[in-house]
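The block underneath contains the structure these notes are about, expressed in structure tokens.
Just so it is clear: chains get the letters A, B, ... in the order the sequence lines come, proteins before strands, and each one is counted from 1.
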2 protein chains.
Amino acid sequence: MNHRRSTPAPAARQSAGKASPWASSRERQRGHKLKRDAVVRAAAREFNRKGYHNTSLDDIAARLEVTKPTVYYYVTSKEQLLFQCFLAGVEQIRAAFRDTRGQQAPARERLWAVLRHYGEAMASEFGWCMARTEDQDLSPAMSRHIKALKSEIDHGIRRLIREGVQDGSIHPCDPKMTAFALAGALNWIAYWYREDQSLTGGQIAASFLAIFETGLRPRGNRGAQIARRAPRRGARTPARPATRRTAPLAR
Amino acid sequence: MNHRRSTPAPAARQSAGKASPWASSRERQRGHKLKRDAVVRAAAREFNRKGYHNTSLDDIAARLEVTKPTVYYYVTSKEQLLFQCFLAGVEQIRAAFRDTRGQQAPARERLWAVLRHYGEAMASEFGWCMARTEDQDLSPAMSRHIKALKSEIDHGIRRLIREGVQDGSIHPCDPKMTAFALAGALNWIAYWYREDQSLTGGQIAASFLAIFETGLRPRGNRGAQIARRAPRRGARTPARPATRRTAPLAR
DNA sequence: TAGGATACCTACCGATGAGTATGATCCCAA
DNA sequence: TTGGGATCATACTCATCGGTAGGTATCCTA
């Protein structure tokens, strides 16, 4: 049980050139934050694998080769750990929104850019925590906090949809229902995606968005539009389905 | 704590005319099944409200105004209770598949019919159990069983998509990814739908399917196609969004 | 080199909740 | 009326797990 010195000082001795006073203190802080992040990431991976309730803090600690009190040294509660995982994922999506702000492209393209990052976030190790966290597991205060963040993203999507309908880049539709459908499809990635998958989150998102863009009813006469289904960002068309046995309803 | 005789004999004395031998025995059986179903439904509702892990069997028992051993009299374990809820929901979807078998309509219409029932099932009290059950909560055997059922549904959807592409009623697409997108959007209903909602599950499903059918990229010249978004089965167009504050990421 | 902060451990507590042992009560059939 | 099955309650067991108490080793600063 003595893993004591197996992880002596993970990755801290790099900026050793600056020998100012408090340097070591700052380095210590850096090390602290690094370790804390490692705790959060380990938790996210365990939650992802086994679910929140089936993951004990002993599990997380074991994964890091430390003991439970060590985890508590970096985090105040299991709930807060879940919250941190949630935040880490949501931050990727919020960043995507910030990126598009100020762009001049049609709203549909801006929306697509956001949703591609959205899909990537869902396929990341934090996807589970974002999509599958039950707010019944959380204290009322934290539940409110998370709901607010979710609502912010939701309304960001709806706004882009409305703008798209106005600028003509999106077919007239109900923004709320459309946002639900888009987010639902993308959130579901967190249910079936695992890292050994052959497609990246971005590729999956691009594939989904192509479906949403074209629709399933056959388009008029020019069949060449099928080619449009290929994603933009250099991701090759995922026409070749992965071999893994997954079902939409399955994890 | 003594609710003993508050539910004396729920709903059994109906076929009292037939005084055959074993009649009371059969009636007893009927009563047993009725009570058992009531237990399953109560469990589904509690799981739906608070999640599987936050629902104790004492909660379910209290809801039925009985005690825990009574629940165990009708069910062998909590896991089995969850499984029964899952089955009840899935059965609705399988019935939808059976209904379409033998129909002559284009595959897209058959698919749409199935998915409308799918959406209804997701909005039902069993939606949570179908969509949100983590198979890590289940024993390996039961997990396999559930996965098989999910896979059956998944492949049914994929097959209809393939048929649609072949008969020309569906725009060429990757069946696997399309099935994921469709199922994801519909499964997500179980996350945000509550019974007090102004829309029925069928209406929501119809609204989603309209989006999937038309696509978000503007269609050619005739703008009248917007009217097509209205669902078929007498459900009025859900253009008026419900007032509830829900976010796609939120429950 | 003392003193304090940092980082981590061993060993525990307390609550929760799944599942059960045991027995009481009621109804039906012989 | 008597026995047996069906139904349900009281009162437990037992394992798990979140969280803590209290102590120890290490390193930095003064």
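Remark: Thr67(A) is in phosphate contact with dC9(C), judged by side-chain N or O atoms under 4.0 Å from OP1 or OP2. Taking side-chain N and O atoms only, Lys68(A) has no distance below 4.0 Å to OP1 or OP2 of dA11(C). The side chain of His32(B) contributes no N or O atom lying less than 4.0 Å from OP1 or OP2 of dA6(D). The shortest distance between the side-chain N/O atoms of Tyr73(B) and the OP1/OP2 oxygens of dC8(D) is not below 4.0 Å.
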With the criterion being N/O to N/O and under 3.5 Å, what pairs connect the protein with nucleotides 13-15 of chain D, and how long is each?
none

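Here the two rings, on Phe212(A) and Phe212(B), have centers that are under 6.0 Å apart.
Nearest nucleotide to the Lys78(A) side chain, out of dG18(D), dT7(D), dT20(C): dG18(D). Here dA7(C) is the nucleotide among dA9(D), dG19(D), dA7(C) with the atom lying nearest to any side-chain atom of Tyr74(A).
Annotation: cation-pi pair Lys78(B)/Tyr52(B) present, NZ/CZ under 6.0 Å from the ring centroid and within 45° of its normal.
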Please report the C-alpha distance between Arg41(A) and Asp37(A) in whole Å, then the side-chain angles of each, then the deciding distance to 0.1 Å, and finally whether the salt bridge (charged side-chain N to carboxylate O under 4.0 Å, His left out) criterion is met.
CA-CA 6 Å; Arg41(A) 265 211 321 283; Asp37(A) 287 351; 5.9 Å; no
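Between the CG atom of Leu57(A) and the P atom of dT16(D) there is a distance of 16 Å, given to the nearest Å. Atom-to-atom, CD of Glu65(B) to C1' of dT7(D) comes out at 17 Å; the value is rounded to the nearest Å. Atoms CG (Asp58(B)) and C1' (dT20(C)) sit 13 Å apart, rounded to a whole Å. Between Lys50(B) atom NZ and dG17(C) atom C1' the separation is 12 Å, expressed in whole Å. With rounding to whole Å, Leu81(B) atom CG is found 10 Å from dA18(C) atom P. Atom NZ in Lys35(B) sits roughly 6 Å away from atom P in dT7(D) (whole-Å rounding). Remark: C1' of dC17(D) and CD of Glu46(A) are 15 Å apart, rounded to the nearest angstrom. For the pair Arg36(A) CZ and dC8(C) C1', the interatomic distance rounds to 17 Å; values are reported in whole Å.
For the pair Asp154(B) and Arg158(B), the salt-bridge criterion is met [side-chain N within less than 4.0 Å of a carboxylate O].
A search for side chain to side chain contact (heavy atoms under 4.5 Å, CB included) contacts involving Tyr73(B) returns His32(B), not counting sequence neighbours.
Residue Ile93(B) holds its CD1 atom at 7.5 Å from CD1 of Ile157(B), rounded to the nearest 0.5 Å. Rounded to the nearest 0.5 Å, atoms OG (Ser207(A)) and CD1 (Ile204(A)) are 8.0 Å apart.
Each of Ser56(A) and Pro69(B) was assigned the nucleotide of DNA chain D with the nearest heavy atom; the assignment lying further toward the 5' end belongs to Pro69(B). Each of Tyr52(B) and Thr70(A) lies near DNA chain C, and the nucleotide nearest Thr70(A) is the one positioned closer to the 5' end.
Among the atoms of the strands shown, none is found under 4.0 Å from any heavy atom of Thr76(A).
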